[in-house]
There are 2 protein chains.
Amino acid sequence: MSENFIEQLRGYVANNGLKSSRQREIIAGVFFGCEEHVTIDQLLSKAREKDSKISQATVYRTMKLLSECGLAKMRHFQSGQTLYEVSDGEKGHHDHLICLDCGKIVEFVNAKIEELQHTIAEEHGFELTDHRMELYGHCADTKCPGKERA
Amino acid sequence: MSENFIEQLRGYVANNGLKSSRQREIIAGVFFGCEEHVTIDQLLSKAREKDSKISQATVYRTMKLLSECGLAKMRHFQSGQTLYEVSDGEKGHHDHLICLDCGKIVEFVNAKIEELQHTIAEEHGFELTDHRMELYGHCADTKCPGKERA
DNA sequence: GTCAGTGCAAAGGTTTTGCAATTTA
DNA sequence: TAAATTGCAAAACCTTTGCACTGAC
């Protein structure tokens with residue numbers, strides 16, 4: 001499972017003219033093993049269990065990289081500290097756009113909205129477990145019957 | 001409208017052994033007149049139009065007070081800066097937070113989400129006409145039956 | 001050999017705090 | 001007068017960056 005993420009990371013690194021490093025592998029390994037939101041400091045101390053010389057800057061740089069390649073999500077809650085979360089994403093976590101004319105359903109995922117939903121839930125003291133969001137409208141498909149009206 | 005908020009603030013101040021101050025009234029007045037999220041710096045510069053000697057520290061302290069008494073909401077988005085929002089929620093459109101334990105429904109409004117929804121619809125060539133969003137989770141109410149499980 | 005990655009320390013940006021002076025009740 | 005509030009500057013945070021060095025390709 002964590003293996004899979006590491007492979008994705010390696011692929012990203014290889015395909016983007018980057019180089020691998022021992023420190024990054026350690027940090028990523030630690031991160032992918034985390035269940036919950038983690039802070040930079042938490043990652044740093046866990047990483048230092050495996051290599052005591054890893055610097056905070058490297059953790060920041062690694063997490064930035066993981067965010068860029070979609071393997072980590074950054075969250076800003078009220079603490080002022082950034083929390084990082086493994087972005088498994090594939091739990092059926094998509095939302096829907098529905099055309100009122102032809103019934104076509106488009107699935108989409110939007111990290112920003114997911115993030116905001118968490119923020120909203122938190123502000124109301126909720127522990128979020130699920131959500132549904134549906135957007136209704138008229139699609140742009142020329143074959144859609146709705147277009148005949150226009 | 002803004003008047004109402006100011007009264008609430010004064011009540012809170014009076015009931016909590018605090019004292020009033022010209023600066024705080026100015027900052028609160030400016031804040032309650034804001035439609036959108038505002039930063040400390042925006043509040044500061046608007047407040048300084050009325051009293052050029054108001055300090056940033058006072059703005060921070062005032063906004064902290066307003067948050068504590070429920071008149072302002074702090075938001076931490078990706079910018080790293082804290083945004084403050086008047087917590088009225090009376091703009092008509094709202095979405096729902098639903099407690100899976102006690103069925104409690106909390107209404108909320110979020111301009112950013114509304115905005116993102118339009119952006120997403122546009123990206124997919126949809127003309128948005130309506131939407132629904134529901135967040136499901138467990139509320140923080142101690143009287144909520146779900147808490148017995150824990 | 002070249003260029004990305006690292007560690008360190010310094011710099012940046014935002015928010016909080018200590019303190020003397022001021023203002024309110 | 002006692003206590004809260006203020007402005008200022010310093011301190012405290014979190015995060016990013018410059019630089020010389022190391023390590024991967």
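Because only heavy atoms are used, hydrogens play no part in the values below, and waters and symmetry mates are left out as well, while side chains stay in. Chain naming here is simple, since letters A, B, ... match the order of the sequence lines and numbering starts at 1 in each. Bear in mind the structure is a predicted one, so any value in this text is a computation, not a measurement.
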OP1 or OP2 of C/dG5 under 4.0 Å from side-chain N/O of A/S20: no
From C-beta outward on B/K19, which listed nucleotide comes closest to its side chain: C/dA4, D/dT15, D/dA3? D/dA3
Measure the distance from CD on A/Q56 to C1' on D/dC13 and round it to the nearest whole Å. 11 Å
Under the 3.5 angstrom rule, does the side chain of B/T62 hit a backbone N or O of B/T58 as a donor-acceptor pair? yes
According to a strict under-4.0 Å criterion, is A/T82 in side-chain N/O contact with OP1 or OP2 of D/dT15? yes
Pull out every residue in residues 57-70 of chain B that has a heavy atom closer than 4.0 Å to any atom of DNA chain C, ordered by number, or say none. B/A57, B/Y60, B/R61
Less than 4.0 angstrom between a side-chain N/O of B/S55 and OP1 or OP2 of D/dG7, yes or no? yes
How long is the line joining CG of B/L18 and P of D/dA2, in whole Å? 20 Å
Evaluate the side-chain proximity of B/K73 to B/Y84: yes if any heavy-atom separation is below 4.5 Å, no if none is. no
A/E25 bridged to A/R22 by N-O distance under 4.0 Å: no
A/Q81 CD to D/dA12 P: how many Å, rounded? 17 Å
Smallest separation among heavy atoms of B/A28 and B/I6, with atom names: CB-CD1, 4.0 Å
If you take all heavy atoms of A/I27 and A/M63, which pair is closest and at what distance? CG2-SD, 4.4 Å
Nearest-Å distance for atom pair CD/P, residues B/Q42 and C/dT15: 12 Å
Closer than 4.0 Å, any side-chain N/O of B/Q23 to the OP1 or OP2 of D/dG7? yes
Can you tell me if A/S21 touches the phosphate of D/dG23, counting only side-chain N or O atoms and a distance under 4.0 Å to OP1 or OP2? no
Length of the CE-C1' vector between B/M74 and C/dT15, whole Å: 9 Å
Which whole-number value in Å describes the distance from B/Y12 OH to D/dT5 P? 11 Å
Could you tell me how far apart B/K53 (NZ) and D/dA9 (P) are, to the nearest whole angstrom? 12 Å
Any salt bridge linking A/R10 with A/E7? Criterion: basic side-chain nitrogen under 4.0 Å from a carboxylate oxygen. yes
What is the distance from OH of B/Y84 to C1' of C/dT15, rounded to the nearest Å? 8 Å
Is the backbone of A/R48 close enough, under 3.5 Å, to the side chain of A/S52 for a donor and an acceptor to pair up by distance? no
